[in-house]
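What follows is a single structure, written as structure tokens, with notes after it.
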Amino acid sequence: MRAPPASATLDGLLPPWTDVPPALVDAGLWCVIEVCTDVPAQRWEPRLVLFLTDAVALVREVAAWIEDVPMWDARVAGYARDALRRDEAAPTALCHVAL
């Protein structure tokens, strides 16, 4: 598996996001990549739903997506499979900071 892409010089300050996808799989949630569309207001919108149940594959896909669109701040979040809404109790993690 390739290493997740760097977020310029902030990687040392970000907690590791790679622990979140396995937790989402264990909780029976979909892994969703959200992007920050309004930084001052901290408005986050879903952009990609990953219908995978393998944690290693999820980490790989999130890393590949970040490489493809590095211009957005991105985070991973858990969405309920039945309602496709964010589960507020699920872990989330900032996985990329665009600089």
With a cut-off of 3.5 Å and sequence neighbours excluded, list every side-chain donor-acceptor pair involving residues 83-94.
residue	atom	partner	partner atom	Å
Asp87	OD1	Ala89	N	2.9
Asp87	OD1	Ala90	N	3.4

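With sequence neighbours left out, the ring pair (Phe, Tyr, Trp, His ring centres under 6.0 Å) criterion links Trp30 to Phe51. Every residue meeting the side chain to side chain donor-acceptor pair (under 3.5 Å) condition with Glu34, not counting sequence neighbours, appears here in chain and number order: Arg75, Tyr79.
Distance CG/Leu58 to CG/Leu50: 6.0 Å, rounded to 0.5 Å. Residue Ile66 holds its CD1 atom at 10.5 Å from CG of Asp73, rounded to the nearest 0.5 Å. In this structure, Asp82 CG and Leu29 CG are separated by 9.5 Å, a value rounded to the nearest 0.5 Å.
Nearest heavy atom pair, residue Pro22 against residue Asp19, reads CD-O, 3.3 Å. Taking every heavy atom of both residues into account, Leu24 and Gly78 meet most closely at CD2-CA, 3.4 Å. Closest heavy-atom contact between Asp54 and Ala57: OD2-N, 2.7 Å. For Val59 against Trp17, the heavy-atom pair with the smallest separation is O-CH2, 3.6 Å.
Looking at Thr18, Leu48, Val20 one by one, the single match for side chain to side chain contact (heavy atoms under 4.5 Å, CB included) with Val76 turns out to be Val20.
Val35 and Met71 end up in the same hydrophobic cluster when Ile, Leu, Val, Met, Phe, Trp and Tyr side chains are linked at under 4.5 Å.
Remark: Arg47 CZ is packed, more than 12 non-hydrogen atoms of other residues, nucleotides or ligands lying under 6.0 Å away.
A heavy-atom distance below 4.5 Å is not found between the side chains of Trp44 and Val32.
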